[in-house]
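The structure displayed is predicted, hence computed values, not measured ones. Hydrogens, waters and symmetry mates play no part in the numbers below; they use all other heavy atoms, side chains included.
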Amino acid sequence: MLGHRGFRLHLLGCLLSWTGSAVAPLALAFAALAIDGDPTALGAVLAVGVLPQIALLPVGGVIADRHARGRVMVWSNLVCALAEAAAAGLIWSGTVRTWQLALMAGVCGAASAFFTPAAEGNVVQVVPAGQRHTANALLKFGQNVGKMSSPALGGALVGAAGPAWALGWDAITFAVSALLFARIGATPLVTRPGAVVPTAVWLRAGLRAELSQGWHEVWHRRWLAVMVCQAALTGSIWLAGYQILGPVYGMRVLGGAGAWGVVGSAFTGGLVAGAALALVRKPSSAGLLVCVGTGTLALPLAVIAARMPLPVLVAAFLVAGTGLEAAMVVWASLLQEHIPGDRLSRTLSYLTLGQMLPVPVAYLATGPVTLALGLHTTLATAAVLLITAALLPLALPQVRGLTLWPSDEPLSSRSARTVA
C-alpha cells in the first residue's frame, strides 16, 4: 500500500493537516477568551467556523469532481495557511479582536468545505480499487493517533508560548501539506463526453446541473438515502449525548473534568483500535457491520443512564470507539466502490451535509429536554433512539446485501453488481 507514491504523499499531507487542525481549536479558544473572557464570544467564533462549511459543502463537492482534486486540496490548504498565519500575526501584535478571529475561522471553514470532499475523493485516484479498504484504514488510523497526541501538543504550545505560536504551527502544517499534495500531480478524472465548457458559462448553468446530479446520486440509491438518514439521526444523538450530557454527568457524578477526560481518552483509543482492526480484516457483510458498529454508540449512553462505575464506563467507550471506527472505514470503502469516480466528491459532500444539518438542532434541544425529563432519563431515551436508528436500515434487503468486493474481482463483475 505504501509502495504507491501518490498514496504516501496523500497520507503524509493529510496527517500534517489533521495534526495542525487538532491543535488549532485549543489555541483559538484561549485566544478568544483572552480578549474579554466571554464564553459567548468563543461560541460565536466556533459557529462562524462551522456555518460556511455547511453552506459550501455541495459546491465544494462539485468543484472537486470538475477539477483535479489534488489542486483543490493544495489551494484549500494554502487558504487555511494564510488565514491561520494572519490570526497568529494579529495575536502577536496585540491588536486582535473577536470578529477578526471569527473571520479567520470562517475562512478556514469555507476552505474545509472544498478540502474534505476532494481529499475523500482523491483516494480513488491514488489507490488501486482492490486496496482502498486498507488505504482508508491507514488514513483513519493516522487521523486517530493524531487526535490522541495533538491536544497534548496544543496544550504544551499554548501553555509555553501562547496561542499565537500554536496557530503559527497550524499555518506551517497547512503550507507543508499543500506542498506534499502538489507533488502528487494532477491525476485526470474520468473523461466526460462533449467539449470542455468555459468556467463562466458553467457557473451560470452547469453548477446547478452538477449540484442536481450529486443530489441524484444520493437519492436514486435507496440504500444510500436510508444510510444518510441513519447517520443524521445517530450522529446528532451521539454528539448531544457525548459533548453535552456526558460532561454534565462527569461534573455531577464522576467528580469533575479529570474523570471525564479518562473517558474521552478511552473513546479515542477505541477509534485507533477500530482502524487497526479494519487494517487486518476486510468484512464480507459490510452493511451489517456499518449498522452494528454504529449501534455500539448506544452502549456508553446506556451505561451512563444506569449509573455504572467508571471502569465499566471506560470499557463501554472503548467498545463504542472501536465499533464506530471499524464501521466508518467500511463505509468509506463502500462509497468508493459503489459511486462513480467522477461524481464521488459531490456525493460525499451531500452525505456530510446531511450528517451535519441536524447537529445544531440537537445541541439546542438537549438542554430543554434534559430539564423536562432529567439527565438519566434523557440519556436512556437517547440510547434507545440511537440503537433503533442504527439497526433499522437492516430491514432493507439492499442494506443487508452490501458487500466489499474482493481485491481480485474483475472490474466488469463489480460494475454488474453495483447496488442501484
Option from Arg8, Arg69, His10 for which side-chain contact (heavy atoms from CB on, under 4.5 Å) with Ile184 holds: His10

Are the side chains of [Y] and [X] in contact, using a 4.5 Å heavy-atom criterion?
X      : Y      : value
Phe114 : Leu56  : yes
Leu318 : Val314 : no
Leu351 : Leu224 : yes
Leu391 : Leu394 : yes
Thr366 : Thr370 : yes
His376 : Arg307 : yes
Leu233 : Leu385 : no
Tyr249 : Leu254 : yes

Can you name the nearest heavy-atom pair linking [X] to [Y], along with the distance?
X      : Y      : answer
Ala365 : Pro368 : O-CD, 3.3 Å
Leu324 : Leu271 : CD2-CD2, 4.2 Å
Pro358 : Ala232 : CG-O, 3.6 Å
Ala305 : Ala380 : CB-N, 3.6 Å
Gly354 : Val228 : CA-CG1, 4.4 Å
Ala111 : Cys80  : CB-SG, 3.6 Å

Under 3.5 Å: donor-acceptor pair, side chain of [X], backbone of [Y]:
X      : Y      : result
Arg400 : Ala395 : yes
Asn122 : Ala118 : no
Arg221 : His338 : yes
Thr377 : Gly374 : no
Thr116 : Ala113 : no

Working for side chain to side chain contact (heavy atoms under 4.5 Å, CB included), residues Trp75 and Ile63: CA-CA 12 Å; Trp75 284 106; Ile63 296 298; over 6 Å; no

Measuring from atom [atom1] of [X] to atom [atom2] of [Y], what distance do you get when rounded to the nearest 0.5 angstrom?
X      : Y      : atom1 : atom2 : answer
Leu386 : Leu299 : CG    : CG    : 11.0 Å
Leu334 : Thr403 : CG    : OG1   : 7.5 Å
Leu239 : Thr234 : CG    : OG1   : 9.0 Å
Leu101 : Leu167 : CG    : CG    : 8.0 Å
Asn77  : Leu180 : CG    : CG    : 9.5 Å
Met227 : Cys291 : CE    : SG    : 4.0 Å

Within residues 286-333 or reaching into it, pairs that qualify as ring pair (Phe, Tyr, Trp, His ring centres under 6.0 Å) - sequence neighbours excluded: Trp238-Phe317, Tyr242-Phe317, Trp260-Phe317

Candidate pair Arg252 and Leu375, rule side chain to side chain contact (heavy atoms under 4.5 Å, CB included), full reasoning: CA-CA 10 Å; Arg252 293 181 183 178; Leu375 177 61; 4.0 Å; yes

Worked check of side chain to side chain contact (heavy atoms under 4.5 Å, CB included) between Gln53 and Cys108: CA-CA 9 Å; Gln53 186 175 5; Cys108 276; over 6 Å; no

Working for side chain to side chain contact (heavy atoms under 4.5 Å, CB included), residues Phe181 and Phe115: CA-CA 11 Å; Phe181 293 139; Phe115 176 82; 3.6 Å; yes

